[in-house]
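Numbers for residues simply follow the sequence, beginning at 1. All ligand and atom numbering here is 1-based and tracks the order in the structure. For the numbers below, each heavy atom of this structure counts, side chains included, while hydrogens, waters and symmetry mates do not. Just so it is clear, the structure is predicted and the values come from calculations on it, not from any experiment.
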Amino acid sequence: MTMRPGGGFGRGMRNFMTEEEKANAPKVTKELIARIFSWLKPYYPQLFLTLLCIVISSFLSILPSVLTGEIIDKGLLGRNLPLLIRLILLSLAVTFGSNLIGVAESYLNSWIAQHITFDMRNKMYRHLESMSQRFFTSNNQGDIITRMTSDIDGVQRTISSTFTSILSNAITLVVALIAMFQRNWVLAIVGIVIVPLFVLPTRAAGKTRWSLTNEAQECNDEINGILNETLSVSGQTLVKLFCKEEEEYQKYEDANRRMINLNIKESMAGRWFMVVISTFSSIGPMMLYLVGGIIMMKYDDTLTVGDITVLVTLLGRMYGPVNSLLNIQVDWIRSMALFTRIFEYFDMKPEIENPEHPVIPETSTGCVKFDHVRFSYDPGHEILKDICFELPAGNSIALVGPSGSGKSTTVNLIPRLYDATGGTVYFENTDVKQLDLTWLRSRIGVVTQDTYLFNGTIRENLLYAKPDATEEDLIDACRKANIYDFIEKQEEGFETVVGNRGLKLSGGEKQRISIARILLKDPSLLIFDEATSALDSISEQKIQDAIEPLIESRTSILIAHRLSTILAADEILVIKDGVICERGQHADLIQLGGVYTELYNTQFGKAAALQPQGPEEGRVAGWNANYTEGEDYFYSDVK
Ligand code: ADP
């Protein structure tokens, strides 16, 4: 007779739920099940085949036990050698057949599970791509990736093992029970009564062992903590200087003693557990032999030795499925929790969606208008309170203001990374919410401070903006962005790998590559979020040389920190406390003696005091030739 204790008591395995899991167990509703089945729907034919395999193999796996009765009664006791051989061969063939079907079942199983998770992953990725910027800034990246990887892997395990395990164990159990009742109902009932005697102690012992293992683990962590702390150089210095050797030793000895006691207890729990299992597992057959014997000898002489043997064998076949089914309850709840978590993600509505009837303007000049725009990331905390400005086609504006005043937030509203909570943002004289989202974003080029280059070659990074760009296009864009000389100097040219697996680029080089990328995109509105730090003056000069002609030739918004950039713009908007508090030209604003002057003075106060000439000419000229690094910074905005 084979015993399958069914696990559940080894280190790291847990077939019962913790209190926390019990408290968080999801409600299994009809809707949830229907939703799970909607994922299975495309695979119904394959599922039906799997089901068929499970039913046949469960039947076949019980058959050899039933044939044992025939082998004993008709073959052995009937002294019929040819029949005996036939029965033995049949039994072997059935086992082989059942295993073959098992192989087919496993294949189908994993095929279905893999395809469902394939669908799920793709759909989830699409869904996440449609989520707004707010989703990515407010959710931990690790959580998002866990949802995409381990949660969906869990689903795959659930489909390939939990569901089929429930089915095959339930069928095996039912078939075994029917076969038992068919032989002798009294013995079948005795068998059913015995099963819990075996299963319950197994579970109790498993639980005890698990909690001991946990305690031992905690104790082990404590010991490691003591060792790490006290055996390090600085730890030992501290111990020595405070004469704490004896105290530390006592702490270590205590933890060590607890640990050995726990280890002894744990290994003994395992030992007692084996005693319990083997005793109960032999009580079962013995009871059947006893009751069967009494029935056979005293009440019913049609009951044969073969029948009793079949019942004993079938009883043995029941332990495994019963145990698994009891554990399955835990797996089932965990699986449901997994599905619930994944569906929660699918249920999150994309905040920013394409309008129902998207507008695509015929021409694009890049003009922008903010009409009493308000915005808050979190309700109750308004970042932009009333922003009004107009940027005509071909012009440029510089946004300045103290750190955190909402400059980046303002420009993020144009490509709809966020939607304004009040007022209207117009692009090409159309409310951005009515424009086709892909078209809108394709018309806007943003160069940010923290330039992101993919891990790949320079060419791949550039082609991201324009996949069909020719070699000439690439060279032209890189020349304009002032980065071609650098690329030419690289051994591999455009094929140089950048990012964390390749060439480490400086901030300035990265930014110039990203400017080249934007040039290839050829947007009608250019947004340039100027870097405030980490660039040396030569890099800055190169970037400045690259962007100045750009600003000249197209509509642009510059989040500017350097005087030279600010002066290059047609108009300066000063943002503070969510409103545009000052606007105009540099010379006028400086006269005002307001926020702009204050920002200017904090950065240039000292330099201005030292220089006799008017600020305008001095700074502009100075930027190109006389100023040292940092002096050109109108104000810094380090967050
Ligand atoms: P600036 O570009 O002028 O330095 P930002 O537009 O980056 O300012 O930020 C304006 C304010 O909004 C700051 O107080 C900042 O903390 C807050 N903020 C920026 N991004 C987020 C976000 N994703 N979620 C919540 N608050 C944000």
Side-chain angles (χ1 to χ4, degrees), residues 128-144 348-352 368 370 372-389 391 396-423 425 432 441 444-452 507 511 514 525-535 543 547 556-563 565-566 569 571-583 589 594-600 602-603 633-639:
L128 290 178
E129 274 189 331
S130 75
M131 295 311 286
S132 65
Q133 200 73 357
R134 191 190 304 275
F135 170 82
F136 292 98
T137 49
S138 54
N139 280 285
N140 183 319
Q141 189 192 358
D143 286 349
I144 301 175
M348 285 185 296
K349 289 263 166 292
E351 200 183 324
I352 289 166
V368 174
F370 272 57
H372 298 287
V373 171
R374 311 171 79 90
F375 178 79
S376 56
Y377 287 104
D378 312 301
H381 179 57
E382 218 161 44
I383 305 285
L384 303 181
K385 293 183 182 135
D386 185 18
I387 300 286
C388 288
F389 70 86
L391 170 62
S396 57
I397 51 168
L399 289 181
V400 300
S403 171
S405 54
K407 302 181 292 293
S408 307
T409 306
T410 305
V411 296
N412 282 345
L413 299 181
I414 308 171
R416 289 189 74 196
L417 292 183
Y418 294 93
D419 272 342
T421 38
V425 177
V432 284
R441 289 178 180 165
I444 299 170
V446 186
V447 181
T448 50
Q449 290 186 31
D450 42 349
T451 315
Y452 191 77
Q511 214 162 38
S514 85
L525 173 68
L526 180 77
I527 297 172
F528 190 78
D529 199 342
E530 190 173 71
T532 50
S533 55
L535 290 186
I543 291 175
I547 64 160
S556 12
I557 300 180
L558 310 149
I559 296 184
H561 300 278
R562 276 178 297 147
L563 190 61
T565 319
I566 295 171
E571 194 186 11
I572 302 164
L573 306 182
V574 186
I575 300 189
K576 199 187 172 195
D577 297 331
V579 293
I580 296 176
C581 57
E582 290 164 22
R583 66 174 78 196
L589 292 175
V595 180
Y596 187 80
T597 320
E598 196 183 315
L599 284 169
Y600 178 82
T602 39
Q603 200 63 30
Y633 275 102
F634 179 64
Y635 65 97
S636 61
D637 192 32
V638 182
K639 291 172 195 172

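Those atoms of ligand 1 that come under 4.0 Å of a heavy atom in T137, given as number and element, are 23 (N). When each atom of ligand 1 is checked for a heavy atom of K407 under 4.0 Å away, the hits are 1 (P), 2 (O), 3 (O), 4 (O), 6 (O), 8 (O). For ligand 1 and I383, the ligand atoms under 4.0 Å from any heavy atom of the residue are 10 (C), 11 (C), 12 (O). Interface atoms of ligand 1 facing Y377, defined by a heavy-atom separation under 4.0 Å, are 12 (O), 17 (C), 18 (N), 19 (C), 20 (N), 21 (C), 22 (C), 23 (N), 24 (N), 25 (C), 26 (N), 27 (C). Taking every non-hydrogen atom of Y418 and a distance limit under 4.0 Å, the qualifying atoms of ligand 1 come out as 23 (N).
Proximity of a side-chain donor or acceptor of E382 to a complementary backbone N or O of G578 within less than 3.5 Å is not detected. In this structure, the side chain of R374 does not engage the main chain of G423 through any donor-acceptor pair within 3.5 Å.
Not counting sequence neighbours, the partners of I352 by the side-chain contact (heavy atoms from CB on, under 4.5 Å) test are S132, R416, D419, L437, R441. Looking at residues two or more places apart in sequence or on another chain, you find no side chain to side chain donor-acceptor pair (under 3.5 Å) involving D577.
Under 4.0 angstrom from ligand 1, the non-hydrogen atoms of T409 come from both its backbone and its side chain.
Taking every heavy atom of both residues into account, R134 and T137 meet most closely at O-OG1, 3.1 Å. Across all non-hydrogen atoms, the minimal contact from F135 to I144 is CE2-CD1, 3.7 Å.
The nearest non-hydrogen atom to atom 2 (O) of ligand 1, considering only G406, S408, S403, comes from S408.
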